[in-house]
Each structure stands twice: as C-alpha cells, then as structure tokens.
Amino acid sequence: MIDMNDVYEKVMELAKRRGFIWPTSECYGSVAGFIDYGPLGAMMKRRLEDIWRYFYVIQEGYYEIECPTIAQEAVFIASGHLKGFSDKMCQCPHCNEFLRADHVAEGGGIAGGATMSNEELSAAIASCKCLSCGEVLGKVEVFNFNLMFKTSIGPGSQRTGYLRPETAQGMFVDFTRLLRFYRDHLPFGVVQIGKSYRNEISPRQGMIRLREFTHAEAEIFVHPDKKDHPNFSRYANYKMPLFTAIQQEKNEQPITITMKEAVKQGLIANEYIAYYLALTHDMLVKIGIKTERLRFRQHLCTERAHYASDCWDAEIYSSRFGWVETVGIADRTDYDLTAHAQHSGTPMTVFIQYEEPKKIQRRRIIPNMSVLGKQYRTKAKAVFDALSNATPDVDGAEIEVDGEKIHIPINLFEVRDEVIEVRGEDIVPHVIEPSYGIDRMCYAVLEQAYDEDIADGETRTVLRFSPTIAPVQVAVFPLMNRDGLDTIARDITHALQKQRILAEYDDSGAIGRRYRRQDEIGTPFAITIDYQTKEDHTVTVRDRDSMKQIRVNIDRIPELISTLLNGTIHFSSL
RNA sequence: GCGCCGAUAGUGUAGUGGUUAUCACUAGGCGUUGCCAACGCCUAAACCCGGGUUCGAGUCCCGGUCGGCGCACCA
C-alpha cells in the first residue's frame, strides 16, 4: 500500500514526466488555469470521451453536434450569463483585498446590494468596513467581474463575442433545427463535447479548476408532464449511494438504494434524473473509478440555481482534494428555452397532438367590418378587438375604447356559437442536463490508477488503468533483439495495429526494464516473443496487475487482446 | 487578488557570496544479458524570468511568473 497523502505529488510528477499532462507554454512560464495534454494524456482523454460517447450517442441515441466556442453577446444576455455570471466587486484601498461588494454591503447591514447599480452600491458601501482588514472603505469603485472571456468579432470590434462558459447554450439555440431533425416529437436528446471557458479568479488544484476545460454535456428535451424515462427499466434496480438533501441536513451518511425506490420515495425528482444518475455511476465505474469513492450529492435548495427543480452532483473522492464535483445532473425545467424564445423572438415549443381531438365550445363575435370600418376609421382596429371580448345582450354590445363608451347595435355584428376541434397544444419542453467535467474525470482516473507494489524486493510503480482507457493498449517485446525474434515481434505488432489496437514495439534494454516502463504508463498487457516461439509458434501474454503470464498461439493474439481490452474476458479467467 | 512557503538536468535532489554546479534515477549509443528497473563503457542534460547590490550572485534584495498551503472567490 502507498501513503495516500502524497499521491497527488507522485501521480502529477509521473504524469508530467511520462507525457500525460504538462503546464501549457512552459518555455514562456505557463499560465495558471491552462494545461496541455501530452501524447499519453491526450490519448487517454480521447478514450474517456469515447466511452462517454458510447453511453450517450450509441446507447441513448442522442446525436452529437458541434457549435462554436465563441458566441455573440445576445446568446449570453438571454441565457443570463452576462448578468448572472458576474459579481460586483471592489478593492479595499487599505489592504488591496478584492471583495464582493454586495457581501461588504451585507456586512454593513445593507441588503439588496446585488441588485443595485454599481454607483449606488459604491455610495452605499463607503461607510462599510472591509471584511478582510476591518478599515472603513471610504470611496471605492464597484466593478463587475464577469467569469466569461470577452472578445470582439471582426475588425474594429464591431461585435462583442464571448467564449462559452458551457456547451449547453449552443444546443438550446439550435432547438428548432434539432426538433425538426428529430421529426417534431419528444423526448429527444443532443450532446456536445468541447471546450468551455471560465475566467476563474484563482485557478488552483491542478486539473480540478481550469480556465479552459473540456465539457461533455447532454441536453434531453422532455415533455414537462412526462418525466418517466422510456428505458427506465435498464437502471430501475441499480443501487448506489445517494447523499440526499435530507441526509446532508441531518448530518447522516449517504443511503444506498435502488433508483426505482428513490423515485418512489420522492428523493429523486423524476425517472429521468434517476436514470442519468445511474448511467453516470455505471460509466464512472467503467472508466475505473472505485465504487467506494463515488457518491451522488443532491443540491440543497439554497445552492440550487433558481430555475432548476432538482440537481445532483456526482462526486469522486480524491485523496488530495476530498469529494470533487465531477458531474452535475439537473432538471433545468423550461428556463433556457423560454429565455431564448423571448429574447430571440423564435417560438421554441413543440406541438403535442392530443390522442383525441378536444371539442371546445367557443363563442365568436364577428363584426360587420364594412360598416364599422367606415364608421370608426382609425379606431376601427381597437373597436374590433374590444368587441371580440365583449359580452353582448339582445340590444347589442357595450364596449370601451380609449375611455370612451361605445354602443354597437346588434345588427352590426354576428354572434356565432361554435364547437371547434383542438388537435393539440404547444408546450415548452423541459430540459434534463447531465454535464460532465472531462478533465476532472481524467484526474480522478489518474489518481485512482496510481499504485505502488513490491516486485522482486523493489518498488514497482504502476498505473492500474482499466484496459478500456489505457493509452497504450499492448506492448510487444522480443526477448532478444536478434535471431529473428525482433522480426516476429514486429509482425505481431502490425497484426495488432490492423485490429486498431495501439501496440508499442520495444526492444531496448533488459526485458524487466521494458515491463516496468509499460507498467508505469498503465499498459495493461505485454506480449513477449522468446526462443520457444520459434519452436511452437506461441508467445507469452503478461498481465500488468498480476504480472502473470500465459502462453498463447500467435494466431490467436489479435482477437485475444481485443477481447481483453474491451472487457469481454478477464486475464484471470484464462 | 491578499498572506505564508517554494522554484537547480527529463525526474528527484546537494550546494557557507568565490575554480569547470553535487549525487541518484531516467534517457541515448555500444557491449553484455534466454522473462520482470541486472552489469560494464561512453554520451547528453539544469540554477524560472527581469532588475538591483557586489570585484564577483544558484546563493543577498526588489518586482514578475508558475506551483503549494491558508483566506477570499467560484458550477
């Protein structure tokens, strides 16, 4: 066992040295909040994303789209990011500390600071004390600090653009196109994997809080009254630890319970949320997260966004950082579509046909346009409108236009009682949003894979990656770099590559050193060609974790390695 | 952003203001080696950046950058 306290240092040192993660533009001194994925890191991240794609695109059938990382200002005005994603801040002139201006106001007994204008707030807090050093602030400037990166589109800064703080907005604004693509019916889902940007005040904790990060989000558009997932049975009996709001408030431990039961008891708002909680658990286990380091925490009402009706975080336990929020699963209701419909003027609704057309009794008042039009001329439109809402008696109708009471005789309009058929209604779908921080998943995978054991009296460093995400999938070694062993090894390498397997050939140095090198980067299997190979056409396959070997006929190698990699069979069963 | 601490080959490190900057591992080459970091020979490789003090700075001072911790901030 290894001392878990310094795993972070050890795994980051290894990650840097072996080409998983590097500080960005290191020769110019790096920039906090940005990282480079090296050759092995990029490969591993790609495999992780592909597992994500397997779940959402293949299994769920939600197609992936790709929107720009820069969007025009209007998008973020509508989404609320321009307002809501910024804080009013000020700087204490005495200690230079940056402070939330509304927090300062609150500390001075002034409520509602967040809704004041900057000038008002500046005046309000002049008499307040600095929350850091306690001095009276005096006259300070209040300014907005927005977490979005701002840029200009085109020459002359004609148009303001922002780097997206989430991929979600691109999918919302494409709603009408998507609806058409999915042939006008609910539910449907769409996903996007890409970079998102947040100008964090203080990025720290390595890969945990980045200014540019990879976001994998799914937006599932559902009928507001039908939040039962059509494939709920897949995860209905799935059990996992839920840290509900109730448990958190009562200081209790998470409870392990099936999804079906959790929905039934009202702990989870609906089947959709429950389904994606379970799917997320399923996926995180597949990429190698240990179940005991996984829990799902429900947001308390106080921390939930005002529009979300239920929200959960998948949290992964890090020996360095504690419970880290890695995935957020929220029911965003109709907030986003309503906002974009309002601001853009494009209706974002779905026409839902009733099973049976509804017959509705309706009274229509049809004015005699030719007479009334001539009579009221410019007022005619207002008269028509007022008349259609009037309740006429036998003499006619009394209406009021611009404060003037008007009597319209019965012969100038017709009252028609009719039964009309309504075949359906326009509804604004609700959005279920699972949102994944890919970089945090990468870190969790690295941290949890890191291990040291003792082999032949020496410490062996090994990344115990799941075979599904290991960057290098198999290593091929000729025992000796001569006598034709190298040729056989190269042939096997090529045969593996033909099967789309990333195989690395290595003939340098002692065989033990080669095994260790691959152990350190988490390569799950190694094939060694020895002198017996020349006699009976067999090679050895070595398992990274147990260091055990079996002999296999060369012809079986590509297929065997494929099945070992995709988890169909385990080495221990061979 | 504030405060404290730190930064030396790819990695980890030693280094009283004074020769050519220490050591180990790693990496590359050659030899050796018949299954787990073996061995021999050889090679490559570093004082974060910018100022200042000094005859002389890896070392002292100031500023910056990056990293760690605490505070603050933060889906």
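Just so we're on the same page: letters track the sequence lines, and every chain starts at 1.
Side chain of A:Thr533 to backbone of A:Ile529: no donor-acceptor contact under 3.5 angstrom is found.
Within 4.0 Å of A:His215, counting heavy atoms only, lies no atom of the nucleic acid at all. Residue contacts for A:Arg542: at a heavy-atom cut-off of 4.0 Å it reaches a base atom on one of the strands shown. Nucleic acid contact for A:Thr326: none, since no nucleic acid atom lies under 4.0 Å from a heavy atom of the residue. A:Asp519 comes within 4.0 angstrom of no nucleic acid atom, judged by non-hydrogen atoms across all strands.
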If you restrict it to nitrogen or oxygen atoms, what contacts under 3.5 Å exist between nucleotides 28-35 of chain B and the protein, and what is each distance?
{"residue": "B:C35", "atom": "O2", "partner": "A:Tyr515", "partner atom": "OH", "Å": "2.6"}
{"residue": "B:C35", "atom": "O2", "partner": "A:Gln549", "partner atom": "OE1", "Å": "3.3"}
{"residue": "B:C35", "atom": "O2", "partner": "A:Gln549", "partner atom": "NE2", "Å": "2.8"}
{"residue": "B:C35", "atom": "N3", "partner": "A:Thr540", "partner atom": "OG1", "Å": "3.4"}
{"residue": "B:C35", "atom": "N3", "partner": "A:Gln549", "partner atom": "NE2", "Å": "3.2"}
{"residue": "B:C35", "atom": "N4", "partner": "A:Asp530", "partner atom": "OD2", "Å": "2.7"}
{"residue": "B:C35", "atom": "N4", "partner": "A:Thr540", "partner atom": "OG1", "Å": "3.3"}

Please list each protein N or O that sits under 3.5 Å from an N or O in nucleotides 63-67 of chain B, with the distance.
{"residue": "B:U65", "atom": "O2'", "partner": "A:Gly29", "partner atom": "O", "Å": "2.9"}
{"residue": "B:C66", "atom": "OP1", "partner": "A:Ala32", "partner atom": "N", "Å": "3.3"}
{"residue": "B:C66", "atom": "O4'", "partner": "A:Gly29", "partner atom": "O", "Å": "3.3"}

I'd like a table of atom pairs between the protein and nucleotides 10-13 of chain B - only N or O on both sides, under 3.5 Å - with the distance next to each one.
{"residue": "B:U11", "atom": "O2'", "partner": "A:Glu13", "partner atom": "OE2", "Å": "2.7"}

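Distance CG (A:Asn199) to P (B:G1): 10 Å, rounded to an integer number of Å. Residue A:Glu200 contributes atom CD, which lies 8 Å from atom C1' of B:A75 at whole-angstrom precision.
Side-chain rings of A:Trp323 and A:Tyr317 approach one another, their centers coming within less than 6.0 Å.
For the residue pair A:Ser435 / A:His215, a side-chain donor-acceptor distance below 3.5 Å is found, with atom types taken as modelled.
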Just by protein heavy atoms under 4.0 Å, how would nucleotides 47-52 of chain B read 5' to 3' in B, S and -? ------
Side chains of residues 470-485 of chain A: which donor-acceptor pairs under 3.5 Å do they make with residues two or more places apart or in other chains?
{"residue": "A:Gln473", "atom": "OE1", "partner": "A:Leu502", "partner atom": "N", "Å": "2.7"}
{"residue": "A:Asp483", "atom": "OD2", "partner": "A:Tyr531", "partner atom": "OH", "Å": "2.3"}

Under a cut-off of 3.5 Å for both distances of each Watson-Crick or G-U pair, what dot-bracket string does RNA chain B give, using [ ] for crossing pairs and | for inter-strand pairs? (((((((..(((.....[....))).(((((.......)))))....(((((..]....))))))))))))....
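A 6.0 Å sphere centred on NE2 of A:His537 holds more than 12 heavy atoms belonging to other residues, nucleotides or ligands.
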